[in-house]
Structure formats: C-alpha cells, structure tokens
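Note that the structure is a prediction, hence the values are computed from the model and not measured. Letters A, B, ... are given to chains in the order of the sequence lines, protein chains preceding strands, and every chain is numbered from 1.
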Amino acid sequence: MAITKYLEIFRVQAKNNWVREAVYRTNFLTAVATDIVWMAIELSLFSVIYSNVPNLAGWTKPQVYFFLGIFFSSDALFTVFFMRNFWNFSDLVNKGELDILLTKPAHPLFLALTKSMSVAAVFNIFLGLGISYKFSEAAGFAGGWKWLLVFAWLMVGLATAIVLRFAFSIWIFWTERSWALSRMYYQFFAIATKPDTIYPYAIRYFFLTILPFGFIGSVPARAVLHGISNQEAIHVFAVIATFGIIDGFLWNRGLKRYQSASS
Amino acid sequence: MRLAWRIATLKNGFQDATAYRIEFLFEILGAAFVPAAIQITLWYAMFKVGGATEVHGQTFLDLLNYTITSVLFTQIRGGDLDFEVQEMIRSGQLSNYLLRPIGFLEFIYIRGLAPKLFIASLCLGAGILMSPWVQLSPGRLFGSMLLALIGNIIHYQISSALAATAFYWEEGYAILMVKNMLVSFLSGELVPLNLFPESVHWVWKSFPFYLYVFGPTQYALGKWTHTEFLIQLGFACIWLVIGWTLIRLTWGLGLKKYLSLGG
C-alpha cells in the first residue's frame, strides 16, 4: 500500500518535470551540450596523459575510457533524479519551505528528494553507456549478460552519490549557508573521475571508506572488468549502509533543530 | 569621489566574502588542495606505479613542483562573477545598477576582486615560505602574481562579454559553464600544458587562458626567461585590449535590446 502510494507520487513528480522540461526545450539542448563538453574534456585529459605513458596504474587507455563511460552514466542517473533537489535543499531549511512538506501525508525527505528532475540528463546516461560500449572490447570486457552487471553497479554508484551528497547537504540545519560544502562535494567528486587504483593506499582507503567517491564509477568499472572479491563487495555495501544510517540519524536530529522561517 | 566608491566597494566586497569565515576557508582549501592532490596522484601513478622516469623531459620532481606552485595561482584565476552578472541581466536586477552613477561591470569586478587580492597576498606569503624547497625567487613570484592578476582581469572581461548572451538568451549560463570547463583544462590547472602533444599546442596558445595558471607557474619556476615573461606580459596586454573591445561591443548591443519590466 505504502509502496503504491510512493510510486504514484513519484509518477506524478516525474510527469510534472517532463512537462516543465518540454516547455523549456532550449534548456534541454544546453544541458546536453554542456555535459558533452564536460565529457569531452575528461576524455581529452586522459588522452593527454596516455600520449605520454602506455598505462596508468595498470589501466590501459580503453579501460579508462570504459570506466569513464560508466562514471558518466552513473553521474547522469544522479543528475536526472536528484541533483537539482540537493541544490535546492538549503532553501527548504533557510526559507522555511520544509514546512509545506512536513504537513503532507508522505515522508518529507522523499518529497524533498524527488520534487525536481532533470530529464535532459537522460540522454547522458545513454551517451555514457555508448562510450563504455565503444571501448568495451578493447578494454577486455566480456559483454553479453555482464551488461546486466553494469546496470546493477550503476545502481550502486547512484546510491553512493545520494548518501554522499546528503551527508554534505544535511549540515544546513546547523549552518546558515551550505554552498561551500556543496562546492567541496564537487571538489571531492573530481576524485571519482579517476580510477581508484591510481591513488596511494592511504588516499585510496579514504575514498573507499571515509568518503567513498570511488564507488560512483571506479569500483563499478573494476568490478565488471576484472571482478572484485566477496570481501570487497561486502565492504561496498556495508559502507553505503553505514552512510545511510548516519544520514538518517542526522536528518532526524536536524528536524528537531528546525525552526520554521516562513509565515 | 570616483576613488571613494571604488575603495568602499573593495571594502564591502571583502566584508561580504568573509562574513561567513568557515565557508570562505572551506572554499579556499577545497578549491586549492583537492585538484592539487588529484594531480599529484596522477604523477605518482605515472612515475612511482608505472615506472616512468621522464615525461616530456620532466621528472617526477618537476611535475610535483609544477603542481605545488600552480596552486598559488589557481586561486586567483576565476570566480563566479559572470554568473552573477548573467543572472542580473536575466532577472532585471541590472536596472538597479544602471540608475547609479557607477560603471556596472567595474562595480561587480571590484567587489569580487577584494577576496582575490586577499588570497593573492596569502599565496605570495605561502610562496615565499616554501621557496627554499621549490626554488622560487621572491622577484619571480611577484612577477608571476602580477601576470595571474592580469589574467584575472582578462578572465572577467571575457566572462562578462559571454554573460551578455543573457540579453538575448534565457540559458546564457550554459555558455559560462562551457567556458569554465575549457578554462580549467586550457589554463594548465589540470595538467601542465607542455604535456599536450606538440601537434595540439596551438590550441592552448590560441586562448589567453594559459596566462592564468600555466604562464605564472612557468615563470615562477624559472622555466621562462625574463624576456619570455615580458613577451607574455605584452600578449596579456593585447588580450586586455581585446577583452575591453569585446565588452564594449557585446554590452553596447545588449543594452540596446535590454528590457526591464515590472515595479
């Protein structure tokens, strides 16, 4: 019953967003164009590096491009469903917009995180997968049913991005402005654009445990290309679950602290 | 009177930027150290893990010095003033400024310059402190900082000219996003530009972006002679004139089209 209700809310939110984006068609094109340039720059950066060395910490050029494809798709998934909501998160608290959500007969966090969607980024999910597909054979990816594994790992990447972004946004309940923390999220996010194995052990541990940005693209790419041990798989899920629990705890503490600013 | 409003704006801009001190500090630290850490790990992966001894005639130590020194200039180069200008045009807030006896673009620039000057002085101090380890001479550091500050003006000029697209187009921000991505790649902030294959050096030489980070870093590290530095300073002055002309053209045309409706 509850699931049906939430699915229906999600369907209505998605429909509203689709209608809005259909009205602003140039917005769709500019969003796609901007992301294409971003992808081109990331690919060019590795192109420059590989013009100087044959491999990077065991990753060949096609393998890195395969990884980037997965990373772009994972990021695009987050952009479609959640990115805009996290940018608006501070307004919920600062401007008292959370009041309205608290009075609705659904979980306020669900409403807050599904309100806005960026339909244009759907194109980038396929573009990322297209890049991965183009370099899959040269990267040594077995293909076939293993593409299903890619989708499963994309979900892991999405879950990681959500819990991490939430962990950077929730402090708005305690601070007046959160844009510096949001910017810091994107600074750390740049780390996710490189394969995790290039980092020295301590930094790698940090980005696979304390701030697991490596789960967004690098670990999924490594898992589908070379496979990962059961121990590492359990570690991935344990870290995401721990973040989920901490986020939930902070949300509840934040709500207790929240004072309405609206009239 | 003409000087008074400029000094007042500078003071106001500094107070505004540091009103939220922790945010200000987070921004500087995040923007400075995370990209540098990523670069250093790339060099680590190429040299220590990959076993390379020299890349384009540069050793691990050369690239490490480049990265550490470039941090001093990456903090000077940009800012989000262009997004602010673009939003003012789009929302009609520009009208408030057009009525005042000040140059709008100059006012916005001076306000944003205050924290940059503060950061520049901090970076100069940091550069002098670390000079024994990275072989930086204070004289060259001052010259490099001067070039970086001229780069900051050129950047603002180009950005303001691009922000004028908001007079014609609702989604002018996309152009600014693309420009920022190109700048981060072609300024030498992500990798030294001399690592690019020789055949594509013309790409970064065609834009002034290399004067923001790569140029100052090369001079500070002694890779450019004083004569080369003076030639590049000459190029920077030519770009200043081009930037000024671009602003006159784009804003001249844009303001003729500008309509601000409402109370």
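Geometric assessment of B:R90 against the ring of B:W169 yields a negative cation-pi assignment under the 6.0 Å and 45° thresholds. Within the cation-pi definition used here (under 6.0 Å to the ring centroid, within 45° of the axis), A:K134 does not qualify as a partner of A:Y65.
Ranked by non-hydrogen atom pairs under 4.5 Å with chain A, the options B:V55, B:L195, B:V200, B:V49 are led by B:L195. With respect to chain B, the highest number of heavy-atom pairs below 4.5 Å among A:L45, A:V37, A:N52 belongs to A:N52. Annotation: maximal heavy-atom pairing with chain B below 4.5 Å, among A:I49, A:T197, A:L56, occurs at A:L56.
A:S47 does not touch chain B: none of its heavy atoms, backbone or side chain, sits under 4.5 Å away. Using a 4.5 Å cut-off between heavy atoms, B:L182 touches chain A through backbone and side chain atoms alike. Proximity to chain A involves both the backbone and the side chain of B:F196, based on heavy atoms less than 4.5 angstrom apart. Heavy atoms closer than 4.5 Å to chain A are found nowhere in B:I40, neither backbone nor side chain. Residue A:S51 touches chain B through its side chain alone, counting heavy-atom pairs closer than 4.5 Å.
Looking only at side-chain heavy atoms (C-beta outward), B:H155 and B:S187 stay at 4.5 Å or farther from each other.
Inspection of the B:N152 and B:Y109 side chains reveals an N or O donor paired with an N or O acceptor under 3.5 Å. When only modelled atom types and interatomic distance are considered, B:T9 and B:N12 share no side-chain donor-acceptor pair under 3.5 Å.
Between A:F66 and A:F141, a ring centre-to-centre spacing shorter than 6.0 Å is recorded.
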